[in-house]
Amino acid sequence: MGTPTLPQPVKLLVALLSADLTLHALAVTQLEQSYGPTDMESEVFPWNTTDYYREEMGENLLRKFVAFERLIPPEDLIRIKLETNALELSLTSASSPEPPRRVNLDPGYLDATKLVLASTKNQAHRVYLSRGIYAEVTLLYHHGAFHPFVYTYADYRWPETHTFLRKVRARYLEQLRKQRVFDLP
């Protein structure tokens, strides 16, 4: 029989998507007020993987990833997803009866072996957590590299994304070592 154990703290990440770099900056500022300073930010990448957001958010969307300095308990992902949804809503344009979303914020976390994303949508590969929030393992870290699954979104397959995430993972492992957490893979 196994013994229940508490997980190690994890590295909070948020993926931002918007056509407006000013909104990226504003969202990051708001996120830092809630979750503390970022310690890593990716480059901004043109996002043209699908037309899924075109009607809602327009064209020429830009993707950016940010990682936060403070490590969190994995169960905080539920609260953070609800809070980022509220932040998205606060950054909408009030110029129409049904304001379009202007920025998409997808929180998740990274640990030594995987990248987990939060979602409000149920799918066969997602596990229900609580309060209407699901989680999926989006990338597996194995043999020195990130590996996608059949359901992994295209932008999480990009070499640029993997390069950034490897840097975030290295920073995360360094943070665990400094906190003297020793069960590292």
Side-chain angles (χ1 to χ4, degrees), residues 2 4-17 27-28 31-32 34-42 45 47 49-50 52-53 63-88 103-177 179 181 183-185:
T5 58
L6 293 175
Q8 295 178 339
V10 295
K11 187 86 168 160
L12 174 63
L13 292 127
V14 176
L16 298 94
L17 186 66
V28 169
L31 292 166
E32 286 182 316
S34 296
Y35 311 118
T38 60
D39 60 356
M40 301 188 83
E41 296 189 15
S42 74
F45 307 109
W47 191 84
T49 60
T50 177
Y52 182 80
Y53 293 106
R63 169 65 83 202
K64 180 177 183 169
F65 299 95
V66 295
F68 292 83
E69 184 177 306
R70 185 174 64 218
L71 301 182
I72 63 167
E75 62 268 21
D76 282 4
L77 188 59
I78 299 162
R79 175 183 52 81
I80 291 168
K81 179 62 176 171
L82 294 168
E83 291 170 355
T84 57
N85 281 0
L87 178 55
E88 282 182 17
V103 63
N104 175 276
L105 303 171
D106 287 324
Y109 67 75
L110 185 138
D111 67 18
T113 62
K114 63 190 169 294
L115 172 69
V116 174
L117 293 180
S119 179
T120 58
K121 300 172 196 80
N122 187 17
Q123 294 292 329
H125 61 278
R126 293 184 180 147
V127 176
Y128 183 70
L129 299 176
S130 177
R131 300 175 65 193
I133 304 302
Y134 299 82
E136 75 173 39
V137 177
T138 300
L139 294 169
L140 169 70
Y141 189 85
H142 183 64
H143 292 303
F146 284 99
H147 301 277
F149 297 95
V150 295
Y151 55 79
T152 300
Y153 294 120
D155 47 340
Y156 287 89
R157 295 171 179 266
W158 293 343
E160 300 89 348
T161 300
H162 289 201
T163 297
F164 175 71
L165 292 175
R166 279 192 304 274
K167 291 175 186 173
V168 172
R169 182 179 180 276
R171 170 75 177 122
Y172 167 70
L173 294 176
E174 174 187 315
Q175 288 177 284
L176 289 181
R177 284 185 197 97
Q179 291 182 9
V181 178
D183 22 318
L184 299 174

Spacing of CZ belonging to R126 relative to OG belonging to S119, to within rounding of 0.5 Å: 3.5 Å

Measure up the F65 and Y156 rings against each other and bin them: parallel (under 30°), tilted (30 to 60°), perpendicular (over 60°). perpendicular

List the steps and the verdict of side chain to side chain contact (heavy atoms under 4.5 Å, CB included) for T138 and V116. CA-CA 6 Å; T138 300; V116 174; over 6 Å; no

Is the backbone N or O of R79 less than 3.5 Å from a side-chain atom of R131, with the two atoms forming a donor-acceptor pair by type? no

Under the criterion side chain to side chain contact (heavy atoms under 4.5 Å, CB included), I'd like the reasoning laid out for E32 against F68: C-alpha separation, chi angles, the key distance, then a yes or no. CA-CA 8 Å; E32 286 182 316; F68 292 83; 4.3 Å; yes

Provide the closest heavy-atom pair for M40 versus V168 in the form atom of the first, atom of the second, distance. SD-CA, 3.6 Å

Side chain to side chain contact (heavy atoms under 4.5 Å, CB included) with L13: of L117, L115, D106, V66, only one passes, and it is L115

Please identify which of these residues, K11, K167, R177, meets the side chain to side chain contact (heavy atoms under 4.5 Å, CB included) condition with Y172. K11

Nearest 0.5 Å, please: how far is CG in L87 from CD1 in I80? 12.5 Å

Heavy-atom check, side chain of R169 versus side chain of Y141, under 4.5 Å: yes

Using modelled atom types and a 3.5 Å cut-off, is there a donor and acceptor pairing between side-chain atoms of E83 and backbone atoms of L31? no

Please name the pair of heavy atoms, one in A135 and one in L129, separated by the smallest distance, quoted to 0.1 Å. CB-CD1, 3.6 Å

Is any side-chain heavy atom of T163 less than 4.5 Å from a side-chain heavy atom of E160? no

To the nearest 0.5 angstrom, please state how far the CZ atom of F146 sits from the CZ atom of R157. 14.5 Å

Quick check: closest heavy atoms across H147 and H142, and the distance to 0.1 Å? NE2-O, 3.0 Å

Could you tell me whether Y153 atom OH has more than 12 heavy atoms of other residues or ligands within 6.0 Å of it? no

With a 4.5 Å limit on heavy-atom distance, are the side chains of L139 and H162 in contact? yes

On a heavy-atom basis, the closest approach of A118 and I133 is CB-CG2, 4.2 Å

Is there a side-chain contact between Q179 and P9 (heavy atoms, below 4.5 Å)? yes

Check whether any side-chain heavy atom of L105 sits under 4.5 Å from a side-chain heavy atom of L16, and report yes or no. yes

Evaluate side chain to side chain contact (heavy atoms under 4.5 Å, CB included) for L71 paired with L176, printing each intermediate quantity in order. CA-CA 9 Å; L71 301 182; L176 289 181; 4.0 Å; yes

Can you tell me how far the CG atom of L77 sits from the CG atom of L82, to the nearest 0.5 Å? 9.5 Å

Side chain proximity check, Y151 to E136, heavy atoms < 4.5 angstrom: yes

Is Y134 close to K121 at the side-chain level, that is, under 4.5 Å between some pair of heavy atoms? no

Can you tell me how far apart CZ (R63) and CG (D155) are? Round to the nearest 0.5 Å. 4.5 Å

Quick one, W47 and W158 - any side-chain contact, counting heavy atoms below 4.5 Å? yes

Check the pair V28, E41 against side chain to side chain contact (heavy atoms under 4.5 Å, CB included), reporting the backbone distance first and the verdict last. CA-CA 10 Å; V28 169; E41 296 189 15; 3.9 Å; yes

